[in-house]
Protein chains: 2
Amino acid sequence: MAHEQNKAVARNSLLLRSLPDQHVETLLSHGSFRHYDRGETIFLQDEEAAEIHVMIEGWAKLFRIAPNGSETVVSVFARGESFGEAVALKGARYPVSAEAVTPAEVLHIPSSLLVSLMKQEPQISISILASTFAHLHSLVEQLEQLKAQTGAQRVAEFLLKLCRCDSGGCEVVLPYDKVLIAGRLGMKPESLSRAFARLKTAGVEIKKNHAVIEDVQKLRGYAEIDPAEAWHKGGTAQ
Amino acid sequence: MAHEQNKAVARNSLLLRSLPDQHVETLLSHGSFRHYDRGETIFLQDEEAAEIHVMIEGWAKLFRIAPNGSETVVSVFARGESFGEAVALKGARYPVSAEAVTPAEVLHIPSSLLVSLMKQEPQISISILASTFAHLHSLVEQLEQLKAQTGAQRVAEFLLKLCRCDSGGCEVVLPYDKVLIAGRLGMKPESLSRAFARLKTAGVEIKKNHAVIEDVQKLRGYAEIDPAEAWHKGGTAQ
DNA sequence: CGTCATCCATGACTATGGTCAAGGATACAG
DNA sequence: CTGTATCCTTGACCATAGTCATGGATGACG
């Protein structure tokens with residue numbers, strides 16, 4: 001049965017994998033698996049949070065709609081990752097909305113259950129804090145990237161994170177469509193196109209939905225150094 | 001003795017105020033208060049985190065130095081706020097550095113102590129999660145602001161957060177120097193100057209280190225609407 | 001096979017903000 | 001009062017990316 005598959009993934013999720021089996025079973029038996037179609041809403045900004053969400057299959061994005069109508073993608077989650085921990089435990093309202101960007105399978109765990117387990121088993125708190133910290137960390141990284149790097153450099157880092165090789169050439173599949181990649185990297189689709197075009201200089205070729213990286217080291221260099229320097233080899237002022 | 005003052009502030013901090021007195025006393029008696037001069041380092045990126053930090057007096061910034069040398073201010077903390085909870089409990093390395101930006105008094109609480117208290121008192125975990133969530137939330141807001149607002153709009157929101165009035169006029173004191181404000185808002189000091197200049201349109205006058213807001217509502221309007229529309233009153237496409 | 005829709009690339013134009021350089025204000029020391 | 005340091009503002013210039021408009025590729029469907 002598909003549920004067994006799902007449970008296996010859940011047991012391996014970042015949130016649950018370090019918990020004692022007994023508690024994992026309790027959580028699984030009270031949690032619910034649900035399917036979402038592409039584009040379907042998982043929760044909305046300002047809704048009261050009562051559940052923690054674990055991605056079992058597919059991708060989901062967290063995003064905010066600003067008063068002026070523009071959308072900001074805050075993060076994108078894949079199989080094994082979870083979100084909403086801190087909000088749900090605080091019983092606060094979601095600061096973001098969540099939506100499936102591919103067909104997706106999500107495990108929902110009621111936060112009340114977690115709170116009561118936390119009282120018995122402090123290890124759970126540590127687990128939750130750990131995954132919350134991971135989000136914190138990734139947001140900090142995003143902030144830095146947004147403030148200190150150009151669009152093309154952010155794309156370069158994005159590609160580097162996707163490919164698992166340390167050196168030499170590499171070919172990666174773009175995990176979701178370009179509109180979403182652009183959003184995730186804080187730019188418009190048009191800018192993403194242009195960023196791809198610039199990366200040809202750094203030995204990257206885009207074909208359909210996969211990218212061919214000629215030399216990982218070279219690309220890494222492009223991502224980290226100020227682009228002006230990559231050009232005419234100047235010295236930094238400070 | 002000054003220590004009593006300090007302890008009073010600590011007891012009122014966001015992290016400790018909701019804890020039972022008994023535990024607060026334990027934490028205080030094992031924590032240490034320390035003074036920092038302006039510009040002094042509190043901790044460095046990549047150091048191992050073993051303490052939680054509570055601001056008692058003054059201001060501190062969290063920041064990252066990118067490989068290319070540019071600094072990103074991630075957050076600024078004031079009296080009563082705390083940072084480093086999630087990292088310290090996970091025993092990970094700091095993803096950011098911290099530095100006093102004014103003369104400051106900081107309470108350091110060993111994380112090992114907190115871990116053992118968490119085992120006795122689940123309420124502590126909730127407290128910590130709450131303040132971690134607050135950070136998470138503020139980072140999300142920053143991301144949104146950076147992606148969806150212009151510099152002048154970010155400055156407008158910054159001023160609005162400082163003034164506690166809901167309508168009418170208002171005068172606020174800029175809490176720290178303009179270089180830091182600029183950093184906190186993701187821009188260079190020059191851009192901050194220009195943003196201030198633009199805000200004259202929205203009824204804001206800057207004199208030395210305080211800002212006079214003519215009409216809070218008006219400024220709020222400026223912060224939220226797309227600046228192009230504030231100009232020629234167009235309709236949004238989408 | 002043609003039609004239509006979707007997604008993506010590209011061009012032209014504009015605005016926002018970074019960089020560099022210069023100049024004004026303020027505070028403080030002598 | 002003068003010299004100096006620090007901080008802030010302003011101007012000129014330019015790179016980056018947003019906006020708008022167009023056109024091409026791909027794929028679903030009749």
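Protein chains get the first letters and strands the later ones, always in sequence-line order, with residue 1 at the start of each. These numbers come from a predicted model, not from an experiment. Heavy atoms only: backbone and side chains are in, while hydrogens, waters and symmetry mates are out.
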Visitor: Is the shortest side-chain N to carboxylate O distance from A:R64 to A:D46 below 4.0 Å?
Guide: no

Visitor: Of all the nucleotides listed (D:dC7, C:dC8, D:dT9), which has the minimum atom distance to the side chain of A:D177?
Guide: C:dC8

Visitor: Mind calculating the distance between CD1 (B:I181) and P (D:dC8) to the nearest angstrom?
Guide: 8 Å

Visitor: For A:I206 and D:dG24, what is the distance between atoms CD1 and P respectively, to the nearest whole Å?
Guide: 22 Å

Visitor: Rounded to whole angstroms, how far apart are NZ on B:K207 and P on D:dC7?
Guide: 24 Å

Visitor: Tell me the interatomic distance from A:R154, atom CZ, to D:dT16, atom P, rounded to whole angstroms.
Guide: 12 Å

Visitor: Okay, side chain of B:H35, backbone of B:P103: is any donor-acceptor separation there less than 3.5 Å?
Guide: no

Visitor: Mind calculating the distance between NZ (A:K147) and C1' (C:dG18) to the nearest angstrom?
Guide: 15 Å

Visitor: Given axes from five pairs at either end, by how many degrees does the helix from C:dC1-D:dG30 to C:dG30-D:dC1 bend, rounded to 10°?
Guide: 20°

Visitor: Among C:dC7, C:dG18, C:dT26, which nucleotide sits nearest the side chain of B:S191?
Guide: C:dG18

Visitor: By the definition side-chain hydrogen bond (donor to acceptor under 3.5 Å, both in side chains), identify the one residue from A:E157, A:Q153, A:R154 that meets it with A:Q145.
Guide: A:E157

Visitor: Nearest to the side chain of A:M187, heavy atoms from C-beta on, is which of D:dG18, C:dT10, C:dG17?
Guide: D:dG18

Visitor: Any donor-acceptor pair under 3.5 Å linking the side-chain atoms of B:E99 with those of B:T41?
Guide: no

Visitor: May I ask you to say whether A:E224 pairs ionically with A:R220, meaning some side-chain N is under 4.0 Å from a carboxylate O?
Guide: no

Visitor: Could you state the NZ-P distance from A:K188 to C:dA9, rounded to the nearest angstrom?
Guide: 17 Å

Visitor: Whether the B:E85 and B:S131 side chains hold a donor-acceptor pair (N or O, under 3.5 Å, no angle test) is what I'd like checked.
Guide: yes

Visitor: Between atom OH in B:Y176 and atom C1' in D:dC8, what is the gap in whole Å?
Guide: 18 Å

Visitor: Thinking salt bridges, do A:E40 and A:R34 make one under a 4.0 Å N-O criterion?
Guide: yes

Visitor: Any side-chain to backbone donor/acceptor pair from A:K147 onto B:V73? Under 3.5 Å, distance only.
Guide: yes

Visitor: Could you check which residues of residues 192-200 of chain A get a heavy atom under 4.0 Å from DNA chain D? Sort them by number, please.
Guide: A:R194, A:R198

Visitor: Nearest to the side chain of A:K208, heavy atoms from C-beta on, is which of D:dC8, D:dG27, D:dA17?
Guide: D:dG27

Visitor: Measure from the side-chain heavy atoms of A:E190 and tell me the nearest of C:dA9, D:dC20, C:dA21.
Guide: D:dC20

